[in-house]
Student: 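One structure follows; several queries about it will come next.
Numbering of residues begins at 1 and proceeds along the displayed sequence. Just so it is clear, the structure is predicted and the values come from calculations on it, not from any experiment.
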Amino acid sequence: LGDVYKRQILGSVTLALGAKAGSEVIGRYGDYAYVELNFRIDDKTKETELNSMDIFPEDGILTISRRIMEGRSVFKVNGETVTAAIVKKITALLIDIHGQHDQEELMRPQLHIAMLDEFGDAAFFQTKDAYRQTFEDYKRLRKQVVELQRNQQENKARIEMLEFQIAEIEAAALEVDEDLHLEQERQRLLNHKMIADTLTNAYTMLDAEEFSSLSNVRSAMNDLESIEEYDPTYKELSSQLSETFYALEDITKRLEDVVDGLEFDGNRLMQVESRLDLIHSITRKYGGQVKDVLEYLAQITKEYSLLTGCLLYTSPSPRDISGSR
């Protein structure tokens, strides 16, 4: 080739590799200029280094192209858009353009190993490949060790948190539906006066000294009993009224006992309020109601046993306290 053609080829190569390009490259009538380089990658070492940059030759061929437009350029490697810096790194590995500054390549530390490797024989590259595989195995195992250590640290933190939560919930000594029963008792204590007034009024309406519904019903019952022999209908009415009277008499007696036993217990109200405060504190952290907290306790106790490989002593199953108060 003549010097002119050599300069044109060299100019095209350097253009593809990122050399500055003026508008004269596009020409007067063109929209853009385009140049493309194709490399055959036969060197296993270079292919590995390309792979480390996420560059993968297709069937051993690597294509670098540059589309030059007014004010900007688009670089692609095997059809994927890349930056000019990436192209520079790739071509520094694949091609040397000899000129007056060739000695500068010797001053680039990142190229020294590759230069030395060029003096190796088949046995050297076999040893290098074996070392590379060993090093990859080492990195994989080290990653597993780091992951295991991280998991152990996470498990330790999780175990400590579970121990705290289990201790806190068990210290509260919660019972099934305790919150519901205590809330009901609290409302009963807070509304003591209204409840007492209502029960007393009901009792008075049934068995007051001046006006007694029960006395009137008794009088009517006696009247019907005196005439029940004259007609089956009278006898039926008398029987039904008798049943009503005895039922009202029983209710009146029970009301009397309840009213007599009514007594406001301010200390008990304070105990209930204090207990509910503790329960609400626990349920806000671990569940909506006591039963939810107890279910969560069973769940984390099981998890704790799995993480530690030992059984954690827990209190016997909480008893159902419905109707205990």
Side-chain angles (χ1 to χ4, degrees), residues 13 16-18 36-66 73-97 102 104-166 296 298-312:
V13 171
L17 302 183
E36 179 178 294
L37 291 177
N38 291 300
F39 296 89
R40 178 176 295 279
I41 310 300
D42 296 324
D43 190 319
K44 195 69 175 179
T45 301
K46 291 184 178 181
E47 183 177 359
T48 301
E49 293 188 33
L50 287 171
N51 293 345
S52 69
M53 294 186 285
D54 291 331
I55 304 298
F56 301 93
E58 297 179 359
D59 297 326
I61 301 298
L62 183 71
T63 300
I64 298 176
S65 66
R66 180 184 182 187
S73 296
V74 177
F75 291 92
K76 291 188 177 183
V77 175
N78 284 350
E80 298 291 334
T81 302
V82 297
T83 64
I86 295 295
V87 172
K88 186 175 181 180
K89 288 178 62 177
I90 296 172
T91 54
L93 177 67
L94 298 180
I95 187 171
D96 286 330
I97 299 177
D102 284 350
E104 293 181 1
E105 297 292 316
L106 297 176
M107 304 302 295
R108 298 170 61 185
Q110 63 268 32
L111 299 180
H112 291 174
I113 292 179
M115 291 178 181
L116 290 173
D117 285 353
E118 294 296 330
F119 294 96
D121 55 13
F124 164 77
F125 284 106
Q126 184 178 2
T127 301
K128 183 178 179 181
D129 289 341
Y131 169 79
R132 180 183 292 110
Q133 183 60 51
T134 301
F135 185 68
E136 290 298 325
D137 293 340
Y138 161 77
K139 290 195 297 183
R140 176 177 54 80
L141 291 173
R142 178 172 175 77
K143 182 179 179 181
Q144 292 177 357
V145 170
V146 171
E147 183 71 15
L148 180 61
Q149 291 174 341
R150 184 178 66 83
N151 289 340
Q152 288 176 339
Q153 292 173 349
E154 291 178 353
N155 286 346
K156 181 180 178 182
R158 178 64 177 169
I159 288 170
E160 291 175 352
M161 185 185 72
L162 291 177
E163 286 176 343
F164 171 80
Q165 291 183 348
I166 291 170
Y296 178 70
Q299 174 188 330
I300 62 175
T301 300
K302 181 179 180 181
E303 182 182 355
Y304 179 87
S305 299
L306 291 174
L307 290 175
T308 60
C310 63
L311 294 176
L312 181 68

Student: To the closest 0.5 Å, what do you measure between CD (Gln299) and CG (Leu162)?
Tutor: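 Going from CD on Gln299 over to CG on Leu162, the span is 9.5 Å.
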Student: Can you tell me how far NZ of Lys88 sits from CD1 of Ile90, rounded to the nearest 0.5 angstrom?
Tutor: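 It is 13.5 Å, given to the nearest 0.5 Å.
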Student: Any idea which heavy atoms bring Ile159 and Tyr304 closest together, and the distance?
Tutor: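 Heavy atoms only, the tightest pair is CG2-CE1, 3.6 Å.
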Student: How far does CG of Asp117 sit from CZ of Phe124, to the nearest 0.5 angstrom?
Tutor: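 These two atoms lie 4.0 Å from each other.
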Student: Kindly indicate, with the supporting measurements, whether the criterion side-chain contact (heavy atoms from CB on, under 4.5 Å) is fulfilled by Arg158 and Met161.
Tutor: CA-CA 5 Å; Arg158 178 64 177 169; Met161 185 185 72; 2.4 Å; yes
Student: Walk me through it: do Ile86 and Met53 pass the test side-chain contact (heavy atoms from CB on, under 4.5 Å)?
Tutor: CA-CA 9 Å; Ile86 295 295; Met53 294 186 285; over 6 Å; no
Student: List the atom of Asn78, the atom of Pro57, and the distance in Å for their closest heavy-atom pair.
Tutor: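 Shortest heavy-atom contact: ND2-CA, 3.9 Å.
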Student: Side chains of Asp137 and Gln133: donor-acceptor distance under 3.5 Å anywhere?
Tutor: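 Yes, Gln133 and Asp137 have a side-chain donor paired with an acceptor closer than 3.5 Å.
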Student: Can you check whether Lys76 reaches Ile64 side chain to side chain, under 4.5 Å on heavy atoms?
Tutor: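 Not touching, per the 4.5 Å side-chain cut-off.
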Student: Distance check, rounded to the nearest 0.5 Å: Glu303 atom CD versus Thr308 atom OG1?
Tutor: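 Output value for this atom pair is 10.5 Å.
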Student: Looking at CD1 of Ile41 and CG of Asp59, how far apart are the two atoms once the value is rounded to the nearest 0.5 Å?
Tutor: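 Answer rounded to 0.5 Å: 12.5 Å.
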Student: For the residue pair Thr81 and Val74, what are the closest heavy atoms and their distance?
Tutor: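 Of all heavy-atom pairs spanning Thr81 and Val74, the closest is CG2-CG1, 4.2 Å.
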Student: What residues, two or more places apart in sequence or in another chain, satisfy ring-ring contact (aromatic ring centres under 6.0 Å, His included) together with Phe56?
Tutor: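 Result, ring-ring contact (aromatic ring centres under 6.0 Å, His included) vs Phe56: none returned.
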Student: Is it the case that over 12 heavy atoms from other parts of the model lie below 6.0 angstrom from the CD atom of Glu163?
Tutor: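 Yes, the 6.0 Å shell around CD holds more than 12 heavy atoms from other groups.
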Student: Work out which heavy atom in Leu62 is nearest to a heavy atom in Ile55; give both atom names and the distance.
Tutor: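 Scanning both residues, the minimum pair turns out to be CD1-CG2, 3.6 Å.
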Student: More than 12 foreign heavy atoms under 6.0 Å from NZ of Lys128: is that the case here?
Tutor: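 Atom NZ in Lys128 is crowded, with more than 12 foreign heavy atoms closer than 6.0 Å.
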Student: How about Arg140: does its CZ atom have over 12 heavy atoms from other parts shown lying under 6.0 Å from it?
Tutor: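 Yes.
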Student: Please report the closest heavy-atom contact between Thr48 and Arg132, naming both atoms and the distance.
Tutor: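 Result for this residue pair: CG2-NE, 3.8 Å.
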Student: Does CD in Gln126 sit with more than 12 non-hydrogen atoms of other residues, nucleotides or ligands closer than 6.0 Å?
Tutor: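 Counting neighbours around CD of Gln126, 12 or fewer heavy atoms of other residues, nucleotides or ligands fall under 6.0 Å, so no.
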